[in-house]
A.B. asks: 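Sharing a structure with you now.
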There are 2 protein chains.
Amino acid sequence: MGESGQQSASIERLKPQDKRRISDSTIHRLSLYHRLLGELESDGTKTVSSKQLAELQRLTPAQVRKDLSFFGAFGTRGLGYSVSDLRKKIAEIIGLDRRWNVAVIGVGNIGSALIGFKEFPNRGFDVKLVFDNDQRKIGSNHKGMRVSDIRNLKEDLKANQIDLVILAVPSSPAQKIVDEVVAAGVKAILSFAPTHIDVPPDVYVRSEDMSMELEYLTYALVNNPGK
Amino acid sequence: MGESGQQSASIERLKPQDKRRISDSTIHRLSLYHRLLGELESDGTKTVSSKQLAELQRLTPAQVRKDLSFFGAFGTRGLGYSVSDLRKKIAEIIGLDRRWNVAVIGVGNIGSALIGFKEFPNRGFDVKLVFDNDQRKIGSNHKGMRVSDIRNLKEDLKANQIDLVILAVPSSPAQKIVDEVVAAGVKAILSFAPTHIDVPPDVYVRSEDMSMELEYLTYALVNNPGK
DNA sequence: AACTGTATGTGAACAGTTTCACAAACCAAA
DNA sequence: TTTGGTTTGTGAAACTGTTCACATACAGTT
Ligand SMILES: NC(=O)c1ccc[n+]([C@@H]2O[C@H](COP(=O)([O-])OP(=O)(O)OC[C@H]3O[C@@H](n4cnc5c(N)ncnc54)[C@H](O)[C@@H]3O)[C@@H](O)[C@H]2O)c1
Ligand SMILES: NC(=O)c1ccc[n+]([C@@H]2O[C@H](COP(=O)([O-])OP(=O)(O)OC[C@H]3O[C@@H](n4cnc5c(N)ncnc54)[C@H](O)[C@@H]3O)[C@@H](O)[C@H]2O)c1
């Protein structure tokens, strides 16, 4: 169990103030704020109000303030928020004040795209390992990464202190691979396989199913709900 | 308000029974049920209960029944649901009883992956056009698709009756391209650019930001909420 | 035809999330 | 130091989504 977790000595981490669980939507919006604050910072904007922050994402100012209030009071009344300070605070909350070691499993269409994704390193994600079971791919170079043999999965994940696995294999082997990933002590998985993934309660999974995203749109198209 | 909406002649579409708007989560789960019912159908399963349907996705039986009840009564008391009938009904609800013409804009890492995605045609999505602005790519073949010039975007989208656009370009040109897509009459966009996209109220946008998905996981890792 | 067991469909209760509205706090100007 | 103008932080209200619990309906059996 590589409880490598909260080692980093001196950081007093920002935790939700009451013990109430923070909602998924709040976390999602924090990411949104963080992204936007980055853009504002590049623009040279020094200060921003909840009103501006909201308008730029089609949310309400109250929503923005409530989201932030779960974690503390970061603003100045009458003035707003310091762009760079708020960005740092949010980074700390969502764990972006450190770097994360990522492994990609499956070097096919989507796996290769992810390996070549320039934005990951900028956001704190370092793709350290990539795996496949195809002999023709193993050992070869894909966008600068040497493809490892899936048979060494468990040991390699441990040896490289991988925090996060991105799963880009077909549905059929997905669960079996996930079981190994879990056995290696990895606690977070982002899966692109369009199938349900079962994990123990201390492991976090996010499933991205692009067809399902498209289906959401087709539902809207055929039903035209007033939006 | 171009209420061009519900033309399609003869299909008596399954609509929500009351006029209450159906929640995003319900639609999302319908996709999930549809996917699972497909697997069950392949397995030769004829009948399924809300209990089974729920357990396979870690939901509750009541949730499954409530979701379906917004659209009608599809089950048989004492028995459950016919796998194939229910699948057909859900297909009709989310618009999977027809085919959809898709265009991909941006033939880079993620764009190429999408073009090569074998599952899209099986789910009713036909990639008919792909665009780029890179002279070296225009006219060339990418996974069997000829790359079109972005300068012909509007005309080509119209001429090919594209229903749905997948946006796989960098953030900077995203909004400008979306404006053109909207002008061409397309009402649904799936965007991979990590930036806010603004559209008129009758156009539907879904934004997929992979870094944000990862950030959701890092939040979980640093906060370890009991799950 | 009646009976038994089972699973649906759905109001009503509950839980969670968003919006409202306003006191409190701060900046800047005088 | 006081005042005016502005925006935060937050309880409470309003709303939305989920779970409960049970009457209802059907299949299969005798
Ligand atoms: N291509 C897309 O745009 C796209 C979009 C959304 C979701 N997906 C999903 O992502 C997954 C991968 O899709 P893809 O298009 O990249 O497929 P792909 O066939 O191009 O790639 C899959 C890769 O996984 C490898 N693989 C297969 N079994 C393996 C195993 N047991 N261990 C290790 N590696 C193994 C294969 O060798 C291959 O390199 C699928 O589940 C697919 O449904 C793909
Ligand atoms: N690669 C990934 O895994 C990944 C994952 C998530 C999100 N994204 C996002 O998807 C988008 C594309 O990423 P990528 O890695 O494929 O980038 P990329 O640079 O490989 O591809 C972008 C493509 O868009 C084309 N393009 C640029 N400007 C254009 C314009 N004005 N009109 C038409 N085409 C134009 C480029 O020529 C290029 O082919 C980015 O917004 C990125 O943030 C990528």
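To find a chain, count down the sequence lines: A is the first, B the second, and so on, and within it residues start at 1.
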A.B. asks: Looking only at side-chain N and O atoms, does A:Thr60 come under 4.0 Å of OP1 or OP2 in C:dT19?
C.D. replies: yes
A.B. asks: Rounded to the Å, how far apart are B:Asp67 CG and D:dT19 P?
C.D. replies: 10 Å
A.B. asks: Among D:dT8, D:dT18, C:dA7, which nucleotide sits nearest the side chain of B:Ser23?
C.D. replies: D:dT18
A.B. asks: Taking the six-membered ring for Trp, is the centroid-to-centroid distance between A:Phe117 and A:Phe120 below 6.0 Å?
C.D. replies: yes
A.B. asks: Quickly work out the B:Leu68 CG to C:dG9 P distance and round it to whole Å.
C.D. replies: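 These atoms are roughly 7 Å apart.
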A.B. asks: Specify the separation, in whole Å, of atom CZ of B:Phe70 and atom C1' of C:dT8.
C.D. replies: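 Computing the B:Phe70:CZ to C:dT8:C1' distance gives 15 Å.
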A.B. asks: Does a side-chain N or O from A:Arg65 land closer than 4.0 Å to OP1 or OP2 of D:dG11, or not?
C.D. replies: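 No, A:Arg65 has no side-chain N/O under 4.0 Å of OP1/OP2 on D:dG11.
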A.B. asks: Rounded off to whole Å, could you give me the CD-to-C1' distance for the B:Gln63 and C:dT8 pair?
C.D. replies: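 Roughly 16 Å, once rounded to whole Å.
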A.B. asks: Using C1' atoms of five pairs at each end, report the bend of the helix from C:dA1-D:dT30 to C:dA30-D:dT1 rounded to 10 degrees.
C.D. replies: 10°
A.B. asks: Take the protein atom CZ of B:Phe74 and the nucleotide atom C1' of D:dC26, then report the distance between them rounded to whole Å.
C.D. replies: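 For the pair B:Phe74 CZ and D:dC26 C1', the rounded distance is 18 Å.
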A.B. asks: Apply the test side chain to side chain contact (heavy atoms under 4.5 Å, CB included) to residues B:Leu114 and A:Met210: give CA-CA distance (whole Å), side-chain angles for both, the deciding distance (0.1 Å), then the verdict.
C.D. replies: CA-CA 9 Å; B:Leu114 292 165; A:Met210 275 171 216; 3.4 Å; yes
A.B. asks: Taking only side-chain N and O atoms of B:Tyr81, does any of them lie within less than 4.0 angstrom of OP1 or OP2 on C:dG9?
C.D. replies: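 Yes, such a contact exists.
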A.B. asks: Return the value, rounded to whole Å, for the distance between atom CZ of A:Arg77 and atom P of C:dA21.
C.D. replies: 19 Å
A.B. asks: Considering heavy-atom distances to DNA chain C, does A:Gly78 or A:Ala62 have its closest nucleotide positioned more toward the 5' end?
C.D. replies: A:Ala62
A.B. asks: Take atom NZ of A:Lys66 and atom C1' of D:dG11, then tell me their distance rounded to the nearest Å.
C.D. replies: 7 Å
A.B. asks: Between A:Ser50 and D:dT8, does any side-chain N or O lie under 4.0 Å from OP1 or OP2?
C.D. replies: yes
A.B. asks: Given 3.5 Å as the limit, does a donor-acceptor pair link the side chain of A:Asn101 with the main chain of A:Gln161, or not?
C.D. replies: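 Judged by distance alone, yes, a pair lies under 3.5 Å.
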A.B. asks: Taking the side chain of B:Thr76 as its heavy atoms from C-beta onward, which of C:dC26, C:dG9, D:dA27 lies nearest to it?
C.D. replies: D:dA27
A.B. asks: Give one of base, sugar-phosphate or nothing for B:Thr26, where a contact means two heavy atoms less than 4.0 Å apart.
C.D. replies: nothing
A.B. asks: Ignoring hydrogens and angles, tell me if any N or O in the side chain of B:Ser191 forms a donor-acceptor pair with the backbone of B:Ala193 under 3.5 Å.
C.D. replies: yes
A.B. asks: When you get a sec, tell me which of C:dC27, D:dT18, C:dT18 is the closest nucleotide to the side chain of A:Ser25?
C.D. replies: C:dT18
A.B. asks: Do we get B:Arg99 above B:Phe125's six-membered ring, with its NZ or CZ under 6.0 Å from the centre and within 45° of the axis?
C.D. replies: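 No, B:Arg99 and B:Phe125 do not form such a contact.
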A.B. asks: Is any side-chain heavy atom of A:Phe131 less than 4.5 Å from a side-chain heavy atom of A:Leu157?
C.D. replies: yes
A.B. asks: Which whole-number value in Å describes the distance from B:His28 NE2 to D:dT18 P?
C.D. replies: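 So the two atoms are 12 Å apart, to the nearest Å.
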A.B. asks: Salt bridge or not between A:Lys154 and A:Glu180? Use side-chain N to carboxylate O under 4.0 Å.
C.D. replies: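 No salt bridge links A:Lys154 with A:Glu180.
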